[in-house]
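Here is the structure we will look at, set down as structure tokens.
Note that these values count all heavy atoms, side chains included, but never hydrogens, waters or copies made by symmetry. Just so it is clear, the model here is predicted, and its values are computed rather than measured.
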Amino acid sequence: MFLIMPLFIQSYLSTYPEKWPQKFFYVLKWVGTSSLVESIAYRKGYIKFCHGWNAFWSGAIYVFMFTFSRLVMIRPYFTLFLSSIFSIVLMKIFRIPLKRRFFRKNVWESFFGK
């Protein structure tokens, strides 16, 4: 997924339409395609959902991801503000613990062990 999603974003931005009705359906098409790719990866066992995450949340993330990817080109600081708020809200919803061990010098060991 880490390899596929940046390619999706690049493809998405390269053919972004100019008119409003087309923009809505364009985003909807890409959200659907991304959700389909994720559901295939989920069924194959390449990813798993934990802590209450489900397909609804993935779809919501894709809506924001594609919308923010375009918006950052037009209003970067506003997009940073919205992304920060969205991240904080998600951290609260999914009760992401912020522990001191995540702020050690070696971040790699914090996430993946030695």
Take Val37 and Tyr62 through the side chain to side chain contact (heavy atoms under 4.5 Å, CB included) test and state the conclusion after the steps. CA-CA 12 Å; Val37 168; Tyr62 289 133; over 6 Å; no
Using the rule given for side chain to side chain contact (heavy atoms under 4.5 Å, CB included), can you reason through Val27 versus Arg70, listing the C-alpha separation, both sets of side-chain angles and the distance that settles it, and then say yes or no? CA-CA 10 Å; Val27 171; Arg70 176 66 179 156; over 6 Å; no
Side chain to side chain contact (heavy atoms under 4.5 Å, CB included) between Phe78 and Val72, intermediate numbers included: CA-CA 8 Å; Phe78 181 66; Val72 75; over 6 Å; no
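Under the 4.5 Å side-chain heavy-atom criterion for grouping Ile, Leu, Val, Met, Phe, Trp and Tyr, Leu82 is connected to Ile93 within one hydrophobic cluster. The hydrophobic clustering, which links ILVMFWY residues whose side-chain heavy atoms are closer than 4.5 Å, places Phe24 and Phe68 apart. A continuous path of hydrophobic side-chain contacts links Met5 to Val63 [ILVMFWY only; heavy atoms under 4.5 Å]. Val89 and Leu71 fall within a single hydrophobic cluster, where Ile, Leu, Val, Met, Phe, Trp and Tyr side chains are chained together by heavy-atom contacts under 4.5 Å. Under the 4.5 Å side-chain heavy-atom criterion for grouping Ile, Leu, Val, Met, Phe, Trp and Tyr, Leu13 is not connected to Leu80 through any hydrophobic cluster.
Note: Trp30 CH2 to Tyr12 OH = 9.5 Å, rounded to the nearest 0.5 Å. Going from atom CD of Glu38 over to atom OH of Tyr46 covers 14.5 Å, rounded to the nearest 0.5 Å. Separating the CG atom in Leu90 from the CD1 atom in Ile85 is a distance of 12.0 Å, to the nearest 0.5 Å. Between the OG1 atom in Thr67 and the NZ atom in Lys23 there is a gap of 11.0 Å [rounded to 0.5 Å].
For the residue pair Tyr26 and Ser11, the shortest heavy atom distance occurs at OH-O, 3.7 Å. Pairing each heavy atom of Ser35 with each of Gly59, the nearest pair is OG-CA, 4.2 Å.
Ring geometry, Trp57 versus Phe94: the interplanar angle exceeds 60°, so the pair is classed perpendicular (tilted spans 30 to 60°). Classification of the Phe49-Tyr42 ring pair by plane angle, with boundaries at 30° and 60°, yields parallel. Ring geometry for Phe64 against Phe86 counts as tilted: the plane angle lies between 30° and 60°, on a 0 to 90° scale.
Considering only heavy atoms from C-beta on, Phe25 stays 4.5 Å or farther from Pro17 through its side chain. The shortest distance between side-chain heavy atoms of Ile47 and Trp53 does not fall below 4.5 Å.
Checked against the 6.0 Å centroid threshold, Tyr77 and Phe81 do not count as a close aromatic pair.
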